[in-house]
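What follows is a short report on a single structure.
Within every chain, numbering begins at 1; the chains are lettered A, B, ... in the order of the sequence lines, protein sequences first and strands thereafter.
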There are 2 protein chains.
Amino acid sequence: MLFTTKTEYGLKALGFLAKSKLKEPVSLGEISRQTGISLSYLEQIFSKLKKGGVVLSLKGADGGYVLARSAKQINLFDIIESIEGDLEIFYCMANGGCSSRGCLTKKVWVDLQGTITKTLKKYKLSDLI
Amino acid sequence: MLFTTKTEYGLKALGFLAKSKLKEPVSLGEISRQTGISLSYLEQIFSKLKKGGVVLSLKGADGGYVLARSAKQINLFDIIESIEGDLEIFYCMANGGCSSRGCLTKKVWVDLQGTITKTLKKYKLSDLI
DNA sequence: ATATTACTGAGTAATTTACTAGGATATGCT
DNA sequence: AGCATATCCTAGTAAATTACTCAGTAATAT
């Protein structure tokens with residue numbers, strides 16, 4: 001499985017956020033009610049999305065989250081990278097690169113990584129709503 | 001992680017098989033000695049590769065495995081599909097397709113799936129040795 | 001016969017995933 | 001000031017997956 005449920009839920013939640021025409025922040029409680037995703041799980045996901053610069057937050061009463069920029073300017077790579085971290089395709093690449101001389105997979109890995117990245121950058125959050 | 005160690009080891013082992021100029025079958029014991037991968041794990045991997053039509057086997061003394069066709073005619077998609085089964089990128093696709101009307105990810109999934117498949121079909125086993 | 005090999009299925013330890021729980025901290029409202 | 005509503009932060013845990021090992025059976029060349 002390339003992506004976890006966090007990415008799936010994250011996309012769903014962000015889609016909901018993007019649809020909200022209000023300029024006011026939307027609380028995770030509201031998103032939770034509308035999407036069925038648990039509040040505490042949403043908190044984990046949005047913490048990553050905030051660190052990744054995809055959303056902005058406002059604490060306190062009437063607080064919540066807003067997209068950091070328009071849905072047209074947020075691509076899926078931004079979102080997925082925020083949530084999943086760097087995609088690692090082969091174990092031999094996991095620790096800062098393959099060091100064994102006989103490694104056969106590096107070339108493919110680099111190509112595949114690039115291909116996936118390119119595809120994910122092609123899609124914007126606005127394409128999903 | 002897109003692929004497991006089985007794929008990594010499988011590629012390594014197949015690379016070794018492809019390099020062997022002998023037309024005689026190579027035993028997993030030999031591959032194990034040369035690659036450091038345990039015999040029993042290789043057995044699991046080659047069982048899948050055989051089911052997937054990538055290798056042929058010969059039982060008994062002096063038996064072993066041979067590539068089912070030339071290394072130029074075996075692409076990485078064949079190998080990886082044999083070992084990993086179908087790639088599933090999102091959970092919502094796991095059970096025979098996403099059924100919820102509001103699913104946002106199907107379009108991307110299909111595209112990404114196609115992109116990955118295409119890239120993997122581009123590379124042949126012979127490219128890796 | 002015996003050694004050598006593929007083949008099979010079950011079992012297990014480690015890791016990752018998918019969550020939940022409990023609190024601390026910030027902010028608007030009365 | 002104090003309460004309700006939020007984000008934020010750190011652990012913890014159950015289920016699933018991964019990464020193997022082990023013990024045995026079946027086939028075949030010598």
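- When side chains are defined from C-beta on, V54(A) does not count as touching L125(A), because their heavy atoms never get closer than 4.5 Å.
- OP1 or OP2 of dC8(D) lies within a sub-4.0 Å distance of a side-chain N or O belonging to S57(A).
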>> For nucleotides 21-30 of chain D, give me one character per nucleotide, 5' to 3': B if any protein heavy atom sits under 4.0 Å from the base, S if the only such contacts are to the sugar-phosphate, - if neither.
In response: BB----BBSS
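- Distance, E30(B) CD to dA6(C) P: 11 Å, rounded to whole Å.
- For T5(B), a side-chain nitrogen or oxygen approaches OP1 or OP2 of dA19(D) to under 4.0 Å.
- Here dA21(C) presents its P atom at 15 Å from CG of L42(A), a figure rounded to the nearest Å.
- Residue G29(A) is classed as having no contact, given no heavy-atom separation below 4.0 Å to the nucleic acid.
- At dC7(C), one or more side-chain N or O atoms of K50(B) fall inside 4.0 Å of OP1 or OP2 (strictly under the cut-off).
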Output a table of donor-acceptor pairs, distance under 3.5 Å, between side-chain atoms of residues 32-43 of chain A and any protein atom two or more places apart or on a different chain; print 'none' if there are none.
residue, atom, partner, partner atom, Å
S32(A), OG, I37(A), O, 2.7
R33(A), NH1, E30(A), OE1, 2.8
Q34(A), NE2, E30(A), OE2, 3.2
T35(A), OG1, I31(A), O, 2.7
T35(A), OG1, I37(A), N, 3.3
S38(A), OG, Y41(A), N, 3.2
Y41(A), OH, T5(A), OG1, 3.1

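- Looking only at side-chain heavy atoms (C-beta outward), P25(A) and Y65(A) stay at 4.5 Å or farther from each other.
- The side-chain heavy atoms of I116(A) and T115(B), taken from C-beta on, include no pair separated by under 4.5 Å.
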>> Go through it in stages, so that I can follow the logic: the residues are V55(B) and L14(B), the test is side chain to side chain contact (heavy atoms under 4.5 Å, CB included), and I'd like the CA-CA distance, side-chain angles, deciding distance and then a yes or no.
In response: CA-CA 9 Å; V55(B) 295; L14(B) 285 172; 3.7 Å; yes
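- One interatomic measurement links the two molecules: NZ of K48(A) to P of dT10(D), which rounds to 13 Å at whole-angstrom precision.
- At the heavy-atom level, F46(B) lies nowhere under 4.0 Å from the strands shown.
- Each of dA19(D), dC7(C), dT5(C) was ranked by its minimum atom distance to the side chain of T4(B); first place goes to dA19(D).
- Here dT7(D) presents its C1' atom at 14 Å from CG of L49(A), a figure rounded to the nearest Å.
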Report all side-chain donor-acceptor pairs from residues 72-79 of chain B shorter than 3.5 Å, counting only partners two or more places apart or in another chain.
residue, atom, partner, partner atom, Å
Q73(B), OE1, S70(B), OG, 3.3
N75(B), OD1, F77(B), N, 3.1
N75(B), OD1, D78(B), N, 2.9
D78(B), OD2, R69(B), NH2, 3.0
D78(B), OD2, N75(B), N, 3.3

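- Distances shown here put a side-chain N or O of Y9(B) below 4.0 Å from the OP1 or OP2 atom of dC20(D).
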